[in-house]
Engineer: 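Below you will find the structure I want to go over with you.
Quick caveat: nothing in here was measured; it's all calculated off a predicted structure.
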Amino acid sequence: MQQEGDIVLGGLFEVNLLTVFPELSFRTEPEQPWCHKFDVEGFQAAQTMAFAIEEINRNPNLLPNVTLGYRIYDNCVKLGVAFRAATSLISGTESSISNLNCSGTPPVLAIVGDPGSTHSIAISNVLGLFRVPMVSFFATCSCLSDRRRYPSFFRTIPSDAFQVRAMVHILKRFGWTWVGLIVSNDDYGINAAQSFHQDISEFGCVAFYEILPKDNDITEIRRIMGVIQRSTSSVVVLFSTASYLLPLMDEVAQQNVTRQWIASEAWSTSPMFLTPRLLPFLKGTLGIAIRRGEIEGLREFLLSLQPDNDPNNGLLKKFWEHMFDCRFKAEEAEIQTEGRVCTGNEDLTATDNAYSDVSELRPSYNVYKAVYALAHALHNLLNCVPGQGPFTGHNCASHHDIQPWQLLHYLQNVNFTTTFGDQVSFDENGDALAIYDIMNFHAMPDGTMRARTVGVIDESQPSDKVLSLDEEKIFWNFKSNSMPKIQNLTFYINCLLESCSPGTRKAIKKGRPVCCFDCIACADGEISKTADSVECFRCPEEFWSSPEKDQCVLKEVEFLSYEDALGISLSTASLFGACACAGVLAVFAHHRHTPVVRSNNSELSFLILMSLKLCFLCALLFIGQPRLWTCQLRHAVFGISFVLCVSSILVKTMVVVAVFKASRPESQGAMKWFGAPQQRGSVLILTAFQVVICAVWLSTASPAPHKNTQSSKIVFECAVGSMAGFATLLGYIGLLAAVSFLLAFLARNLPDSFNEAKFITFSMLIFCAVWIAFIPAYVSSPGKYADAVEIFAILASSFGLLISIFAPKCYIILLHPERNTKKAIMGQPQAK
């Protein structure tokens with residue numbers, strides 16, 4: 001529906017409740033969705049907007065010389081349809097643009113609606129970007145009060161935060177502490193359920209919690225009915241829109257289920273449920289309803305409608321066909337209404353239904369207030385005094401180019417009183433004043449059912465006067481017209497009297513009502529300071545939970561120290577190994593002219609002993625609190641020392657093989673390639689590769705001290721920086737060790753007089769076994785034990801090399817000097 005004007009307002013209403021979407025073939029352009037199941041209450045709300053605009057246009061004191069127009073769309077209770085309608089309102093539906101500068105007033109300055117919370121959330125996300133005001137008359141989700149997300153959203157109905165509190169007031173008044181909860185599967189229902197769970201936990205419990213299916217799945221509806229019937233609760237709270245609730249109530253009537261229903265404002269006054277068919281099951285229902293109002297002249301306006309041929313007023317034709325059960329097209333009338341054709345001259349005054357009933361104006365009254373709020377904001381905007389305006393430079397808005405963001409400023413500050421005496425204003429979140437009527441479904445003598453006001457909830461009153469209720473007027477749908485009592489009270493008390501001490505949290509028992517819970521100890525690193533806490537809170541990074549899990553304490557600091565037993569043991573072993581190397585070195589230096597020492601290049605033996613001494617001493621760099629210099633040195637010194645040692649052993653092994661071959665006549669020239677200079681050069685080159693690896697590693701991703709706070713202790717450790725660098729360092733040592741082992745193994749069967757290879761084979765076998773076992777042990781060791789494992793691997797492999805290679809020689813030098821002769825070494829028999 002539409003009417004042109006100087007300034008046009010948009011409207012989104014629920015006129016049809018169901019939508020049929022065409023089948024998508026992806027071969028042809030899809031048809032438009034088809035809406036059906038006409039809702040006369042929603043149409044009344046849409047007509048109230050039209051009435052309010054006409055009334056404003058006739059008022060000489062409000063917006064004089066300005067004519068308001070409107071464009072009203074049906075959202076068909078579908079988000080896609082509503083969103084498409086909203087974008088059409090703010091951008092227009094023209095296929096071509098005449099003004100290429102895109103200047104001037106937009107198609108509509110503001111939108112009244114949408115009644116649904118989910119729709120309003122989606123639409124407001126877009127309208128907020130352009131600061132287009134949106135004033136809803138029925139969207140109650142408390143999430144819409146977030147001004148950062150929805151800066152241009154207003155409403156003339158209180159938010160669900162107030163509605164939930166109002167329901168809790170009623171439950172407290174009658175002592176209903178064991179209740180069921182059913183909500184619609186949308187933002188309206190889900191957000192209300194969250195608030196309800198929090199508020200009722202202070203004095204009661206939710207016996208069951210169910211969500212109505214979006215697609216009206218009858219199987220799911222029947223499952224929910226089974227939950228209701230099995231539950232011991234006789235009080236059921238229903239937060240739902242009418243479209244979600246209809247299938248459930250149909251099943252309630254079919255299964256003959258009676259409960260004390262508590263209705264949310266979305267359906268507490270809906271005529272869909274005030275029918276004779278549902279009377280036996282819904283009479284006695286208590287509900288929250290938005291404030292009732294009176295609009296003078298509205299009934300006459302509603303009954304004065306006449307259908308016309310304007311294609312833009314298609315909703316009016318649908319309304320007419322619904323009211324008189326006829327069709328304007330003869331071919332449709334033959335099929336659908338037994339030939340009844342609409343003439344347009346039918347008498348609306350002869351009808352008596354929810355459309356013409358203006359005695360209980362609630363959503364329509366909110367529509368009326370929304371239109372007047374926009375009108376008063378426009379009036380204030382147009383009456384701005386030049387030089388005293390609220391915009392930059394104290395300017396006013398241009399009367400010929402009003403922008404939505406300018407209207408938004410005046411709407412936030414609007415304040416007026418309706419002809420019914422209600423004050424209309426918005427708080428900083430765009431919310432209206434919270435006043436509700438308490439409704440009760442009464443069975444009438446004529447077999448009908450009516451919703452009667454039996455009390456008021458006014459949040460502006462003192463706490464002891466918020467709820468005003470006339471209990472004598474309440475109709476109860478139970479025996480002797482009495483109030484329902486809590487059933488299975490013992491079970492309820494047993495659940496609720498449990499208490500969780502500090503250090504634990506509540507966990508709902510599976511398959512039991514939400515107030516029945518287990519007390520679960522907080523996880524390590526988490527605490528709860530209060531009794532009956534629903535969650536545990538993680539301690540700060542450098543704190544850990546106490547044994548009782550009720551406070552956070554400073555974490556212990558852990559690193560491999562010289563003061564603990566493990567550090568003392570490893571450092572002692574390291575110093576002992578270094579001293580052993582020094583002792584062997586002294587023995588070899590003292591007997592440096594003897595054949596055992598001089599054989600097979602004594603220079604390599606001294607080099608091996610020096611490097612082994614460095615290997616033992618480098619283990620000390622792994623003990624103590626890590627510093628930058630120790631982290632950088634520990635792996636570099638370790639890697640270079642071991643490569644120096646293993647490369648010397650490799651060269652020594654090659655010399656053993658070369659010496660044996662040189663003893664043969666055909667290989668007399670073999671030793672010229674393995675002289676002392678070549679041996680020193682080979683060791684230097686092989687060690688230089690490791691030096692380069694360490695230099696690249698330290699310059700690109702150097703190891704650095706790291707404070708690991710992930711466990712119950714603060715572990716000081718050295719982060720390797722680059723795992724690739726560390727792996728390359730170890731891999732190069734392993735490669736040299738493997739080659740040494742292979743050569744020594746192949747030379748193990750050489751004559752004993754020349755054969756040092758068997759000792760080298762055994763030493764390399766120990767070395768490789770230790771470092772192969774090191775990798776999984778290092779990876780799986782936590783904290784300081786990772787350093788301990790690396791030190792143990794260094795010491796074990798160093799002791800293995802020292803003992804395997806030098807113990808046999810020291811044995812001969814110190815205990816059998818008679819065998820330390822050239823003849824004995826050459827294998828010649830000794831003179832008797």
Side-chain angles (χ1 to χ4, degrees), residues 569-570 572-619 641-642 644-657 659-660 679 683 733 736-737 740-741 743-745 747-771 773 791-822 824-827:
S569 301
L570 293 174
T572 301
S574 174
L575 293 174
F576 176 76
C579 292
C581 286
V584 174
L585 188 63
V587 170
F588 270 50
H590 185 265
H591 299 86
R592 63 185 177 277
H593 300 298
T594 62
V596 170
V597 176
R598 295 183 61 188
S599 66
N600 198 5
N601 194 340
S602 60
E603 186 176 333
L604 287 178
S605 297
F606 285 113
L607 198 56
I608 293 172
L609 286 170
M610 289 297 295
S611 61
L612 281 176
K613 186 175 182 179
L614 286 176
C615 290
F616 281 115
L617 292 177
C618 79
S641 299
F642 266 97
L644 180 61
C645 178
V646 175
S647 60
S648 299
I649 293 173
L650 174 61
V651 172
K652 196 176 189 65
T653 306
M654 296 171 66
V655 170
V656 169
V657 176
V659 168
F660 173 73
Q679 295 174 30
V683 172
I733 297 174
L736 294 180
S740 298
F741 173 74
L743 288 177
F745 180 76
R748 70 190 185 284
N749 293 324
L750 296 179
D752 287 345
S753 56
F754 288 93
N755 196 2
E756 195 178 9
K758 62 175 62 177
F759 302 122
I760 295 176
T761 301
F762 187 65
S763 67
M764 286 295 102
L765 184 63
I766 295 174
F767 184 89
C768 293
V770 167
W771 286 102
I791 294 174
F792 179 80
I794 292 171
L795 296 179
S797 56
S798 299
F799 275 116
L801 294 175
L802 179 64
I803 294 172
S804 298
I805 296 176
F806 293 100
K809 294 184 178 182
C810 289
Y811 175 76
I812 294 175
I813 293 172
L814 298 177
L815 300 180
H816 293 280
E818 72 278 2
R819 293 170 56 185
N820 191 4
T821 62
K822 186 175 181 180
I825 294 299
M826 296 297 295

Engineer: Provide the closest heavy-atom pair for M764 versus A737 in the form atom of the first, atom of the second, distance.
Structural biologist: SD-O, 3.8 Å
Engineer: Taking the six-membered ring for Trp, are F588 and F606 parallel (under 30°), tilted (30 to 60°) or perpendicular (over 60°)?
Structural biologist: perpendicular
Engineer: Would you give the length of the straight line joining atom CD1 of I649 to atom CG of L604, rounded to the nearest 0.5 angstrom?
Structural biologist: 10.0 Å
Engineer: When rounded to the nearest 0.5 angstrom, what distance separates SG in C618 from CD1 in I794?
Structural biologist: 4.5 Å
Engineer: Would you give the length of the straight line joining atom CD1 of I608 to atom OG of S647, rounded to the nearest 0.5 angstrom?
Structural biologist: 8.5 Å
Engineer: Checking I803 against I766 for the side-chain contact (heavy atoms from CB on, under 4.5 Å) test, could you report, in this order, the C-alpha distance in whole Å, the side-chain angles of both residues, the deciding distance, and whether it holds?
Structural biologist: CA-CA 11 Å; I803 294 172; I766 295 174; over 6 Å; no
Engineer: For L801, does its backbone N or O pair with a side-chain atom of S804 as donor and acceptor, under 3.5 Å?
Structural biologist: no
Engineer: Going from OG on S641 to CE on M610, what distance comes out if it is rounded to the nearest 0.5 angstrom?
Structural biologist: 10.0 Å
Engineer: Run the numbers on S798 and F642 for side-chain contact (heavy atoms from CB on, under 4.5 Å), then give the verdict.
Structural biologist: CA-CA 9 Å; S798 299; F642 266 97; 3.5 Å; yes
Engineer: Between S648 (side chain only) and L644 (backbone N and O only), is there a donor and an acceptor less than 3.5 Å apart?
Structural biologist: yes
Engineer: Would you sort out whether F806 and S605 count as a side-chain contact (heavy atoms from CB on, under 4.5 Å), showing the intermediate values?
Structural biologist: CA-CA 9 Å; F806 293 100; S605 297; 4.1 Å; yes
Engineer: As an exercise, state the distance from CG of L570 to CG of L795, rounded to the nearest 0.5 Å.
Structural biologist: 6.5 Å
Engineer: Rounded to the nearest 0.5 Å, what's the gap from NE2 on H591 to SG on C810? Could you check?
Structural biologist: 10.0 Å
Engineer: Locate the shortest heavy-atom distance separating G800 from S763; write the atom from each residue and the value.
Structural biologist: O-CB, 4.2 Å
Engineer: Quick check, are the ring centers of F799 and F616 under 6.0 angstrom apart?
Structural biologist: yes
Engineer: Hey, does the side chain of H590 reach the backbone of A586 with a donor-acceptor pair shorter than 3.5 angstrom?
Structural biologist: no
Engineer: Please step through side-chain contact (heavy atoms from CB on, under 4.5 Å) for the pair F762 and I805, ending with a clear verdict.
Structural biologist: CA-CA 9 Å; F762 187 65; I805 296 176; over 6 Å; no
Engineer: Check whether more than 12 heavy atoms from other residues, nucleotides or ligands sit under 6.0 Å from atom CZ of F741, and answer yes or no.
Structural biologist: yes
